[in-house]
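One structure below.
Here is how names work: the chains are called A, B, and so on, in the same order as the sequence lines, proteins then strands, and each is numbered from 1. It should be emphasised that the depicted structure is a prediction, and the values quoted were computed from it without experimental measurement.
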There are 2 protein chains.
Amino acid sequence: MSNSKLYKGSLSTIILKLLAENNKMYGYEITQKVKELTQGELNITEGALYPALHKLEAEGFLEVEMQRVDNRLRKYYKLTQAGTKEKVSRIEELERFIETIQGIVNPKPSLG
Amino acid sequence: MSNSKLYKGSLSTIILKLLAENNKMYGYEITQKVKELTQGELNITEGALYPALHKLEAEGFLEVEMQRVDNRLRKYYKLTQAGTKEKVSRIEELERFIETIQGIVNPKPSLG
DNA sequence: AAACATACATAATTTTCTTATGCATAAAAA
DNA sequence: TTTTTATGCATAAGAAAATTATGTATGTTT
């Protein structure tokens, strides 16, 4: 399903980012949104998603609101204030990480 | 020590990349090179590095040559032919992953 | 009737780290 | 001169975060 091992560690950052943009989302919706945004490249498995959501909630970054739609239960998540802060720092961390990796993969030739 | 959880999964790709550029390197040298290239951002721990090298060797991507220098033993690693191929595909995977992540973090606004 | 989509959840397992420890030599600092 | 730091390898225990496999339930499509 999911593409690479590289994905490891970035899931919670992705969740926080999507919730910051969409106010509230439910689990299944997140998997579909990620699939869409990545043109099918990244497929979040349920076994990864739900534990990640529960952890973020336990850490106080998300709050939950249940809603019944078409006789199906949805668990909507939205960022708390702490979650909004956390999102900022995790995105920064992710961008710094990407720069770091690119410093190895595409090293700038040393001046000398 | 090491910076982030995001790093997870990228170590073996980093090793293959460095060996492709430097012909042969020993473990300690790899940790120093990564520290240098990333300005101290990424510090590979020995507990991660050595098992990773052993695994790449077991998979047939690296070959070993022992050498004694200043009465200290060094284990030089270099890419095999299979390792050279593997490096290409792993770097491609890494670059695709970075693009994918950026598609989420910096989504292009949909035309509409 | 069977398969697929929607929607949640968890358990067992695997992968890949961190942390801690061990051995050994050599140089630098206290 | 003793201790710390650097060089160089290695492995074991534990943690984190996935994958894979299930399970439950409803609704739609084939």
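- Note: CD (B:Glu46) to P (C:dT19) measures 13 Å, nearest angstrom.
- The listed nucleotides are C:dA7, D:dA18, D:dG8; the one nearest the side chain of A:Ala48 is D:dA18.
- The side chain of A:Tyr50 places no N or O atom within less than 4.0 Å of a non-bridging phosphate oxygen (OP1 or OP2) of C:dA9.
- In terms of the side-chain hydrogen bond (donor to acceptor under 3.5 Å, both in side chains) criterion, A:Glu57 has no residue partners (sequence neighbours excluded).
- Between A:His54 and C:dC8, a side-chain N or O to OP1/OP2 separation shorter than 4.0 Å is absent.
- The existence of a salt bridge linking A:Lys17 and A:Glu21 is confirmed by a sub-4.0 Å separation between a basic side-chain nitrogen and an acidic carboxylate oxygen.
- The main-chain N or O of A:Arg68 is never found under 3.5 Å from a side-chain atom of A:Asn71 such that the two would form a donor-acceptor pair.
- A:Gly47 comes within 4.0 angstrom of a base, heavy atoms only.
- Heavy-atom nearest nucleotides on DNA chain D were determined for A:Ser12 and for A:Arg72, and the one closer to the 5' end corresponds to A:Ser12.
- In this structure a side-chain-to-backbone donor-acceptor pair under 3.5 Å is present from A:Glu29 to A:Tyr26.
- Note on B:Lys8: every side-chain N or O is 4.0 Å or more away from OP1 and OP2 of D:dA17.
- Heavy-atom nearest nucleotides on DNA chain D were determined for B:Lys75 and for A:Leu49, and the one closer to the 5' end corresponds to B:Lys75.
- The separation between B:Tyr77 atom OH and D:dG8 atom P is 14 Å, rounded to whole Å.
- Each salt bridge (charged side-chain N to carboxylate O under 4.0 Å, His left out) pair with one or both residues in residues 77-88 of chain B, not counting sequence neighbours, appears once here: B:Glu86-B:Arg90.
- Although no hydrogens or angles enter the test, the distance criterion places a donor-acceptor pair under 3.5 Å between the side chain of A:Asn22 and the main chain of A:Leu18.
- Separating the CG atom of A:Leu73 from the C1' atom of D:dA25 is a distance of 10 Å, rounded to the nearest angstrom.
- Between B:Leu42 atom CG and C:dT18 atom C1' the separation is 14 Å, expressed in whole Å.
- Counting to the nearest Å, the C1' atom of D:dA10 and the CE atom of B:Met66 are 11 Å from each other.
- Distances shorter than 4.0 Å separate some side-chain N or O of B:Lys55 from OP1 or OP2 on C:dT16.
- Less than 4.0 Å separates DNA chain D from no heavy atom of any residue of residues 29-38 of chain A.
- In this structure, CG of B:Leu56 is placed 14 Å from C1' of C:dT15, rounded to the nearest angstrom.
- Under the 3.5 Å distance criterion, the side-chain polar atoms of A:Thr80 are matched with a main-chain donor or acceptor of A:Phe61.
- Nucleotide D:dT26 holds its P atom 16 Å from the CZ atom of A:Arg74, rounded to whole Å.
- One can place CZ of A:Arg68 at 10 Å from C1' of D:dT26, the figure rounded to the nearest angstrom.
- In this model, the phosphate group of C:dA7 is approached by a side-chain N or O of A:Tyr26 to a distance below 4.0 Å at OP1 or OP2.
- A distance of 9.0 Å separates CD1 of B:Ile98 from OG of B:Ser10, quoted to the nearest 0.5 Å.
- With distances taken from any side-chain atom of A:Asn71 to the nucleotides C:dT16, D:dG27, D:dA10, the minimum falls on D:dG27.
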